[in-house]
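Reading through the structure tokens given below for one structure.
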Protein chains: 2
Amino acid sequence: MQTVKIGIIGFGTVGSGTAKIILDNNEFIAERTGVKLELKSIADPDTETDRGIKLPAGVLIDDAKKLLNDPEIDIIVELIGGTDPARDFILQAIRNGKHIVTANKALLATEGNELFEAAREKGVYLGFEASVAGGIPIIKILREGLAANRILSVYGIINGTCNYILTKMTSENVDFNSALKEAQELGYAEADPTLDIEGIDSAHKLTLISSLIYGIPLSYNMLYCEGISKISTHDIQFAKEFGYRIKLLAITKAVNDEIEMRVHPTMIPENYMIAKVDGVFNAVYVNGNAVGETLYYGKGAGDMPTGSAVVSDIIDIASKKGCAYHAPLRHYGNFHVKDIDDIDSIYYFRFTAIDKPGVLSRISGILGSYNISIASVIQKGRHAGEAVPLVVLTHKSREKDVKKAIEEIDRLDVVADKTIFIRVEGRED
Amino acid sequence: MQTVKIGIIGFGTVGSGTAKIILDNNEFIAERTGVKLELKSIADPDTETDRGIKLPAGVLIDDAKKLLNDPEIDIIVELIGGTDPARDFILQAIRNGKHIVTANKALLATEGNELFEAAREKGVYLGFEASVAGGIPIIKILREGLAANRILSVYGIINGTCNYILTKMTSENVDFNSALKEAQELGYAEADPTLDIEGIDSAHKLTLISSLIYGIPLSYNMLYCEGISKISTHDIQFAKEFGYRIKLLAITKAVNDEIEMRVHPTMIPENYMIAKVDGVFNAVYVNGNAVGETLYYGKGAGDMPTGSAVVSDIIDIASKKGCAYHAPLRHYGNFHVKDIDDIDSIYYFRFTAIDKPGVLSRISGILGSYNISIASVIQKGRHAGEAVPLVVLTHKSREKDVKKAIEEIDRLDVVADKTIFIRVEGRED
């Protein structure tokens with residue numbers, strides 16, 4: 001039986017999970033797949049902390065360079081995250097002719113074009129299943145399982161932190177800050193939660209998905225990204241009244257030669273499967289022109305789920321069967337990426353309007369002048385002369401018109417606060 | 001670019017979908033995967049009916065043997081279903097050194113050991129992604145995507161007909177026969193629905209899944225199978241009151257060296273994702289020892305979804321990259337298949353008991369004498385001296401004890417009708 005020798009750089013959460021799976025499931029994997037995995041080295045500056053894993057003597061070292069230059073190691077698993085020194089480690093591994101597996105979406109989304117090109121030139125693999133949606137094998141599903149399909153759209157809940165916070169806000173009617181605080185206490189959110197709550201992590205992952213399915217270079221800078229920190233319990237409750245849930249969705253779709261790539265809070269009908277995905281779970285909805293609607297659900301983070309994805313990449317590579325390992329950067333696509341201002345969407349608006357006669361008429365007049373027509377209105381509470389929420393769902397409108405209309409509406413003397421708008425998906429117009 | 005020539009046997013629903021995908025998505029697939037698909041021949045006795053697909057001249061022929069013996073054809077796609085002559089066609093194709101793709105779960109579940117063995121000896125692939133769960137790439141997910149995992153359990157809703165009927169019964173409170181009739185009118189059920197409603201189709205698919213994940217020979221005859229035709233709206237309503245849904249589940253799990261394989265109506269907590277899978281959709285829940293809980297959802301039947309799976313197999317094979325094509329019959333497993341009588345489960349009982357004092361005591365006395373303890377009881381309606389439903393949820397009990405207890409209870413003079421029991425999954429005991 002063929003043995004493949006593995007070196008892991010980074011002995012943190014995912015590194016520990018990966019090591020544990022290799023050590024614990026080793027025999028079983030060999031029986032099942034015919035590939036024997038050997039954990040040759042793990043490099044981490046901290047060789048002291050007890051991670052609860054009994055490593056064979058000599059496996060844990062403090063010098064990543066030693067591991068990169070070890071001629072016996074076939075596959076380097078990069079699990080330190082961040083740009084430096086991860087990028088240099090990967091490039092060095094490629095130069096040394098080693099295959100790479102990484103969970104580093106931030107690095108790939110921003111500098112992946114160069115890394116994948118280097119890997120292709122050298123003829124080594126660069127596996128990144130663990131970079132998107134943790135344990136859900138979504139890269140394999142998109143690249144191989146649905147290979148017969150032109151992918152019409154992907155909608156992903158691919159950040160568990162945000163989904164936990166929104167679920168909490170929805171089910172318990174607590175505000176964003178309380179939900180975030182609880183997520184931090186439970187270890188679901190970092191001390192500095194910016195990357196998650198501002199949608200950046202989702203945007204990194206969506207960059208990889210779009211590139212993979214539409215054959216375009218990784219285009220993180222062309223993606224629209226908006227987080228969840230401005231979502232209020234008001235909006236969540238109004239969404240419920242309309243029969244919707246608010247989720248942070250990573251959306252990519254292609255119509256003709258135009259691609260949309262955007263991450264933002266989105267209202268979706270509550271009876272959709274993806275609206276039912278709660279807590280820290282991830283889910284990716286994929287609509288293919290043959291298969292129709294599909295959805296893939298599981299844990300998007302954590303040592304063992306992410307380790308599962310890392311090891312599946314290792315097995316794919318180790319089986320040396322080449323397994324359709326097209327780099328995601330096979331640039332066959334000739335697509336134009338739409339600016340967010342050019343998308344058409346249904347919108348939810350929450351105006352903070354002074355409760356007096358004629359207000360709705362003035363607001364709807366401005367909307368009408370920008371070709372935005374109203375599908376339904378909820379006006380809550382009556383407090384003559386005071387500010388009350390006025391909630392509107394539109395028909396399909398152009399984003400740039402929406403922004404102009406809101407700018408104009410927010411200047412009205414009868415409007416007391418900045419208008420909130422949330423894009424709506426999944427409703428027929 | 002490498003071209004692969006394909007011959008399809010059977011120009012019915014799935015044959016048409018497969019042909020349409022190859023013709024329509026051909027260019028796109030070539031760009032994306034580097035594999036050019038050429039539909040060389042389709043064999044069907046009926047060469048007259050218009051399937052709405054414009055085939056190039058000479059592609060549609062009436063003689064499958066001509067196609068099997070065509071030296072230019074690389075891959076044979078068998079889509080006629082049934083045992084004869086599908087089995088002989090596949091064996092002939094293997095002898096002729098051709099790779100096979102099939103959606104024929106009934107044939108594989110019952111005679112697959114021989115077919116996979118023949119394919120392995122000859123060194124050809126036998127792809128069967130389309131045999132299980134239609135467009136959901138569950139075979140690839142289990143074999144490759146989750147290759148790092150010891151699979152603890154799989155729970156599948158893998159028959160759309162049954163799921164449609166149960167959904168209808170649940171949401172509209174109509175009885176089994178009305179729901180079946182409507183399914184037939186909509187084309188979701190066959191004129192003779194036996195294979196679907198008696199769970200046989202699910203059992204065929206589960207046979208393939210169990211063999212794949214546990215490394216055992218295909219063991220259709222060792223599987224327990226019970227359909228949905230005896231489910232009444234009473235049971236569905238009582239299940240709701242307890243917070244459950246009734247679904248036809250195909251269940252396989254391994255504990256130590258013992259495997260369970262069973263298809264039967266099952267009560268599952270309504271807040272579980274798989275309980276929310278409605279209508280003709282399929283879903284497969286997979287629990288792996290690393291990845292944890294995952295779920296895969298999509299259309300389990302139909303020309304295009306099933307065609308999507310067929311073509312993904314063709315692309316895998318055609319890419320000649322061998323892609324971990326372990327036959328599902330890699331017999332590494334040393335498992336014992338549990339008899340249904342030896343399983344432990346929570347049970348729902350619906351007794352039809354005469355409403356008079358002491359009845360509950362007599363029934364619970366018998367249950368107790370077989371080590372079956374009661375978790376909760378619902379008694380509905382009061383009609384002194386008449387038969388009323390008495391509903392019980394148990395703690396974990398042994399199936400053979402349950403059967404003996406019910407036999408004894410059904411002989412009581414205070415019990416007016418045969419007791420209904422339904423197995424419950426997903427509740428902690």
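Between D278(B) and R245(B) no salt bridge is recorded (no basic side-chain N to carboxylate O distance below 4.0 Å). Using a 4.0 Å cut-off between charged side-chain N and carboxylate O, K140(B) and D316(B) make a salt bridge.
Looking at N289(A), both its backbone and its side chain come within 4.5 Å of chain B, counting heavy atoms on both sides. The contact between N149(A) and chain B is made by backbone and side chain atoms together, counting heavy-atom distances below 4.5 Å. Neither the backbone nor the side chain of Y285(A) comes within less than 4.5 Å of any heavy atom in chain B.
Across T294(A), N282(A), V311(A), L295(A), the residue that shares the most heavy-atom pairs under 4.5 angstrom with chain B is L295(A). The residue among G17(A), S308(A), G292(A) with the most heavy atom pairs within less than 4.5 Å of chain B is S308(A). When each of K299(B), E293(B), R150(B) is scored by its heavy-atom pairs under 4.5 Å with chain A, the top score falls to R150(B). Top candidate by heavy-atom pairs under 4.5 Å with chain B, chosen from I29(A), N25(A), I139(A), is N25(A). Ranked by non-hydrogen atom pairs under 4.5 Å with chain B, the options A309(A), A283(A), G288(A), P137(A) are led by P137(A). The residue among G307(A), G134(A), G145(A) with the most heavy atom pairs within less than 4.5 Å of chain B is G145(A). In terms of non-hydrogen atom pairs under 4.5 Å with chain A, the most contact-rich of A290(B), G135(B), A147(B) is A290(B).
The backbone N or O of I75(B) sits nowhere less than 3.5 Å from a side-chain atom of H99(B) that would complete a donor-acceptor pair. N163(A) places a side-chain N or O within donor-acceptor distance of the main-chain N or O of V277(A), the cut-off being under 3.5 Å.
Between atom OG of residue S211(B) and atom CD1 of residue I259(B) there is a gap of 9.0 Å, rounded to the nearest 0.5 Å.
Annotation for E270(B): atom CD counts as buried by contact number, over 12 foreign heavy atoms lying within 6.0 Å.
For the residue pair F335(B) and Y214(B), the shortest heavy atom distance occurs at CE1-O, 3.1 Å.
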